[in-house]
There are 2 protein chains.
Amino acid sequence: MVRQPAINARNRAPLSTERIIETALQIVDGQGLGRLTMRRLGDALEVEAMAIYHHLPRGKEQLLDGLVAHVAAAPVSPGARGGGAGDALRGWARGYRARLLEHAGVLPLVVTRRNPAALTETVASLREALRLGGAAEDAAAVTAHTLLGYVIGHAALEVRGTAEDGADRAVDWDARFDAGLDVILGGAR
Amino acid sequence: MVRQPAINARNRAPLSTERIIETALQIVDGQGLGRLTMRRLGDALEVEAMAIYHHLPRGKEQLLDGLVAHVAAAPVSPGARGGGAGDALRGWARGYRARLLEHAGVLPLVVTRRNPAALTETVASLREALRLGGAAEDAAAVTAHTLLGYVIGHAALEVRGTAEDGADRAVDWDARFDAGLDVILGGAR
DNA sequence: ACCTGAACACCGTTCAAGT
DNA sequence: ACCTGAACACCGTTCAAGT
């Protein structure tokens with residue numbers, strides 16, 4: 001019988017921070033943030049809950065920070081090449097919105113976990129895209145923040161299912177989002 | 001000895017939904033959402049925690065819904081009269097932002113509690129302001145949503161303390177917010 | 001009608017112990 | 001080094017009981 005070095009005695013993959021975060025994300029996406037529990041997460045990892053603390057010494061705080069970093073900080077695919085700066089920004093905004101909606105359960109964490117570093121890369125990439133499009137540094141900073149605020153706020157309105165008025169007339173959120181982009185980016189291409 | 005009808009045998013004001021919500025808001029503002037506990041809320045109200053369920057049968061869910069309604073749904077003072085539609089909207093946006101930041105602890109709830117009704121009045125008042133300013137109905141709907149999304153998203157970025165770049169150069173959030181308003185409202189007065 | 005007390009099933013986290 | 005088991009101090013909520 002040959003030993004598999006990466007598999008431990010009980011024949012399962014060893015724990016790792018990455019595997020913990022990904023499993024936690026599955027729980028949040030599938031069952032909601034409220035059901036993300038150290039004990040339940042341990043079950044999903046086929047491990048006692050206390051084992052998690054060996055990889056995340058700061059416990060649940062660190063776990064939640066990890067979730068935010070995983071969905072909000074990762075770079076957004078630049079989208080279609082070849083258009084002007086306006087198209088590039090539209091592509092960025094659509095991609096970031098899609099990511100936030102894919103993991104709607106972590107949105108409350110993205111919104112309020114005090115973790116300035118998490119969005120630094122995001123803002124930086126946005127400003128870079130703007131500078132490449134020829135915008136001045138000051139204008140780029142303002143536009144980047146305005147756009148990011150809009151994308152996050154719009155995603156929040158969507159997951160809330162904000163009612164339009166008394167009637168429950170359905171809202172076309174995709175169209176709404178694009179229309180808002182036009183307002184902010186001034187219809188420029 | 002004369003009986004005070006509104007005061008019970010132990011000489012304290014009787015519980016009411018309003019008093020419960022307000023006390024809960026004080027705890028959230030002062031100590032953060034994580035420390036809002038039925039037991040702690042009971043202490044603050046000088047009552048056993050279980051008494052709260054008599055007024056809020058749905059328990060903590062209903063309590064959190066009440067907090068959202070209290071900070072997000074109440075009308076915003078219209079601000080200075082006499083300017084054009086642009087000034088009215090700027091006043092509305094500044095007022096709403098101030099309210100959200102005053103109760104930053106409930107922002108995660110505003111963002112993601114599934115409670116479409118809570119923001120209906122808010123959106124309606126916004127669209128009314130726009131129509132009075134002479135905007136067409138369609139354009140008003142788009143602008144209202146764009147503006148509301150921006151205000152909420154910007155407030156979220158602020159309470160997160162989103163870092164600008166590697167250096168921790170301080171951000172003038174007031175100026176940023178106004179600059180974003182100019183982008184969205186097109187500098188129109 | 002309004003509040004209490006005890007109880008239940010769950011939390012996050014610590015700490016000593018196992019391998 | 002990595003994981004377990006038992007324990008502690010908390011949760012939200014139910015339910016019968018008090019006044």
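Residue numbers begin at 1 in each chain, while the letters A, B, ... track the order of the sequences. The figures here come from the full heavy-atom set of this structure, side chains too, leaving out hydrogens, waters and symmetry mates.
A:Tyr53 is not listed as a side-chain neighbour of A:Arg58, based on a closest heavy-atom distance of 4.5 Å or more.
Atom-to-atom, CD1 of B:Ile52 to C1' of C:dC3 comes out at 12 Å; the value is rounded to the nearest Å. Atom OH in B:Tyr53 sits roughly 16 Å away from atom C1' in C:dC2 (whole-Å rounding). Distance B:Leu64 CG to D:dT13 P: 9 Å, rounded to the nearest Å. Whole-Å rounding puts the B:Leu41 CG to D:dC10 P distance at 18 Å. In this entry the distance linking CD of B:Glu46 with C1' of C:dT4 reads 16 Å, nearest Å. Rounded to an integer number of Å, the gap from CD1 of A:Ile20 to C1' of D:dC3 is 12 Å. To the nearest angstrom, C1' of D:dC10 lies 15 Å from CE of B:Met38. With rounding to whole Å, B:Lys60 atom NZ is found 8 Å from D:dT13 atom P.
Looking at A:Asp182 and A:Arg90, a side-chain N of the basic residue comes within less than 4.0 Å of a carboxylate O on the acidic one, giving a salt bridge. A salt bridge does not link B:Glu102 to B:Arg99: none of the charged side-chain nitrogens sits closer than 4.0 Å to a carboxylate oxygen. Checked for salt-bridge contact, A:Arg39 and A:Glu48 miss the test: no charged N lies under 4.0 Å from a carboxylate O.
Remark: A:Arg94 fails to qualify as a cation-pi partner of A:Phe177 under the 6.0 Å distance and 45° angle criteria applied to the six-membered ring.
Nucleotide D:dC15: paired with C:dG5 (Watson-Crick or G-U wobble, both distances less than 3.5 Å).
At least one side-chain nitrogen or oxygen of B:Arg40 sits closer than 4.0 Å to the OP1 or OP2 atom of D:dC11. Close to C:dC3, at under 4.0 Å from its OP1 or OP2, lies a side-chain N or O of B:His55.
Set against D:dT4, C:dC3, C:dG12, the side chain of A:Glu48 has D:dT4 as its closest nucleotide. With D:dT13, C:dG12, C:dC3 as the choices, the nucleotide that has an atom nearest any side-chain atom of A:Arg39 turns out to be C:dG12. Distances from the side chain of B:His54 to the nucleotides D:dC3, D:dC11, C:dC2 place C:dC2 closest. Distances from the side chain of A:Thr37 to the nucleotides C:dA1, C:dG12, D:dT4 place C:dG12 closest.
Looking at heavy-atom distances under 4.0 Å, A:Met50 makes contact with a base. Looking at heavy-atom distances under 4.0 Å, B:Arg35 makes no contact with the nucleic acid at all.
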